[in-house]
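These notes concern the structure reproduced below.
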Amino acid sequence: MELISKAIRQAPKDLTVTQMCRHLTKAVARCYVSPMTVLRYGRGQTDYLTSHPEDRLCASVVIFSRLRREIWMIGDCQCLVGGELFENPKPYELPLAELRAAEAHRLLASGVTVGQLRADDAARRTIIPRMIENMKQQNVAYAVVDGFPIPQSKVRVLALDFRPWEVVLASDGYPFLCATLQESEQKLQCHLHDDPLNIGDFKATKAFMEGNNSFDDRTYLRFKV
């Protein structure tokens, strides 16, 4: 996240989405051959990471190009444009969430409590091998920023015309993205109360773990153009 944030701040304002993807990829790739990496491992990590995508530095990002009036969705992020929701989910996310939910329901029926699953998400452990296997498809079946080439066909691009628009850019940590941060946070807290395991109408690959105030990272940005 810090590498990507810095790279965006340093990027020329007139980059196309393809050029931005290359710019971000290079920023992360440099980390794999940095002097610190060589000092720690005795060599760069690019060869190893080519065949082990699950071990790469990895993040998703949603960017608004003011010059081009485009929203670029690289990875599993979401946005609202004029109140309409747009998403770019990983292809395996929902099937794995369904599997985890089924296992959680089975455990609850056997006597395991919600509190126990919030302290130790045993249902999630059952899907981790499949998650790791699916991660081998990153930047093949879906896009992320991980220091390796990003397939442009997996980057979602939304073009805005020159009418006034209200835009919300957000990470996927908001299960119900709303027009304001306050409303998005309120719905998140209601969901935490009603379904802390994320196994009901909204399913996720992880629960709200005990001591946390969400199940995933949260970033929310609202502006008008």
Side-chain angles (χ1 to χ4, degrees), residues 1-32 46 49-50 53-54 56-94 134-181 183-184 188 204-205 214 216-225:
M1 178 275 292
E2 292 177 354
L3 288 170
I4 292 170
S5 178
K6 181 179 179 181
I8 291 173
R9 290 196 301 270
Q10 295 175 342
K13 65 181 180 181
D14 61 345
L15 291 188
T16 65
V17 61
T18 299
Q19 290 169 333
M20 177 61 82
C21 285
R22 290 172 181 164
H23 176 71
L24 298 181
T25 295
K26 288 179 181 177
V28 177
R30 283 194 291 267
C31 227
Y32 301 148
T46 303
L49 293 171
T50 298
E54 70 276 10
R56 298 173 188 168
L57 298 173
C58 179
S60 299
V61 62
V62 54
I63 300 170
F64 175 67
S65 169
R66 182 179 175 185
L67 183 68
R68 299 185 180 278
R69 291 184 69 86
E70 292 179 341
I71 297 169
W72 305 332
M73 307 176 75
I74 309 171
D76 53 347
C77 43
Q78 55 182 335
C79 67
L80 291 174
V81 180
E84 183 178 356
L85 177 65
F86 296 89
E87 299 175 287
N88 194 37
K90 295 173 183 173
Y92 67 80
E93 195 87 1
L94 183 56
N134 285 323
M135 287 171 69
K136 295 178 181 178
Q137 291 299 304
Q138 67 187 45
N139 278 334
V140 177
Y142 62 96
V144 292
V145 181
D146 67 356
F148 286 78
I150 299 169
Q152 292 301 296
S153 63
K154 307 302 179 183
V155 177
R156 187 165 191 179
V157 178
L158 305 174
L160 304 186
D161 60 26
F162 285 90
R163 289 178 292 168
W165 291 101
E166 182 166 283
V167 176
V168 173
L169 307 181
S171 66
D172 63 347
Y174 288 103
F176 310 102
L177 188 61
C178 303
T180 67
L181 176 61
E183 188 179 359
S184 298
L188 180 67
T205 57
S214 186
D216 209 344
D217 59 277
R218 307 202 302 286
T219 301
Y220 187 103
L221 176 66
R222 179 165 60 102
F223 55 91
K224 292 181 179 180
V225 294

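From Thr18, atom OG1 reaches atom CD of Gln152 across 3.5 Å, with rounding to the nearest 0.5 Å. To the nearest 0.5 Å, the span separating OG on Ser60 from CG on Asn88 amounts to 8.0 Å. With rounding to the nearest 0.5 Å, the separation of CG in Asp76 from NZ in Lys90 is 4.5 Å. Between the NZ atom of Lys6 and the CZ atom of Arg9 there is a distance of 8.0 Å, given to the nearest 0.5 Å. With rounding to the nearest 0.5 Å, the separation of OG1 in Thr205 from CG in Asp216 is 7.5 Å. The distance from the CD1 atom of Ile74 to the CG atom of Asp146 is 11.0 Å, given to the nearest 0.5 Å.
Val167 has its side chain out of reach of Val62: every pair of non-hydrogen atoms, C-beta onward, lies at least 4.5 Å apart. Taking 4.5 Å as the limit, some side-chain heavy atom of Arg69 sits within range of a side-chain heavy atom of Val225. For the pair Cys21 and Val155, the minimum side-chain heavy-atom distance is below 4.5 Å. Residues Leu181 and Arg222 form no side-chain contact, since every pair of their non-hydrogen atoms from C-beta on lies 4.5 Å or further apart. Residues Leu160 and Phe64 meet the side-chain proximity criterion, which asks for heavy atoms closer than 4.5 Å. Between Val61 and Cys77 the shortest side-chain heavy-atom distance does not fall below 4.5 Å.
Partners of Phe86 under the ring pair (Phe, Tyr, Trp, His ring centres under 6.0 Å) rule, at least two apart in sequence or in another chain, do not exist in this structure. The side-chain hydrogen bond (donor to acceptor under 3.5 Å, both in side chains) check on Gln19 picks up Thr16, with sequence neighbours excluded.
Here the options are Val81, Ile71, Leu80, the test is side-chain contact (heavy atoms from CB on, under 4.5 Å), and the partner is Leu169; only Ile71 passes.
In Arg22, the CZ atom is not crowded: 12 or fewer heavy atoms of neighbouring residues, nucleotides or ligands sit closer than 6.0 Å.
Checked by atom type and distance alone, the side chain of Arg218 never pairs as donor or acceptor with a backbone atom of Ser171 at under 3.5 Å. Judged by distance alone, with hydrogens and angles left aside, the side-chain atoms of Arg68 form a donor-acceptor pair with the main-chain N or O of Leu15 at under 3.5 Å. Between the side chain of Gln138 and the main chain of Val144, no donor-acceptor pair closer than 3.5 Å is present. Between the side chain of Ser184 and the backbone N or O of Cys178 there is at least one donor-acceptor pair closer than 3.5 Å. Although no hydrogens or angles enter the test, the distance criterion places no donor-acceptor pair under 3.5 Å between the side chain of Asn139 and the main chain of Ile150. The backbone N or O of Thr46 lies less than 3.5 Å from a partner atom in the side chain of Thr50, making a donor-acceptor pair. A donor-acceptor pair is defined here as one N or O able to donate and one able to accept, closer than 3.5 Å; no such pair exists between the side chain of Asn134 and the backbone of Tyr92. Remark: side-chain polar atoms of Arg56 are paired, donor with acceptor, to backbone N or O of Leu49 under 3.5 angstrom.
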Derivation and outcome, side chain to side chain contact (heavy atoms under 4.5 Å, CB included), residues Ser214 and Leu188
CA-CA 8 Å; Ser214 186; Leu188 180 67; 3.8 Å; yes
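Classified by interplanar angle (parallel below 30°, tilted 30° to 60°, perpendicular above 60°), the ring pair Phe148/Tyr32 is tilted. Using cut-offs of 30° and 60° on the angle between ring planes, the pair Tyr174 and Tyr220 is perpendicular.
Counting all heavy atoms, side chain and backbone alike, Tyr142 lies closest to Pro91 at CB-CD, 3.6 Å. Minimum interatomic distance between Glu87 and Arg156 (heavy atoms only, all atoms of both residues): O-NH1, 2.7 Å. When all heavy atoms are compared, the tightest approach of Val140 to Lys154 is O-CE, 3.6 Å. Counting all heavy atoms, side chain and backbone alike, Ser65 lies closest to Trp72 at CB-CZ2, 3.5 Å. A pairwise comparison of heavy atoms in Leu158 and Cys79 identifies CD1-SG, 3.6 Å as the closest pair. Here the closest heavy-atom approach between residue Ala11 and residue Met20 is recorded as CB-CE, 3.8 Å.
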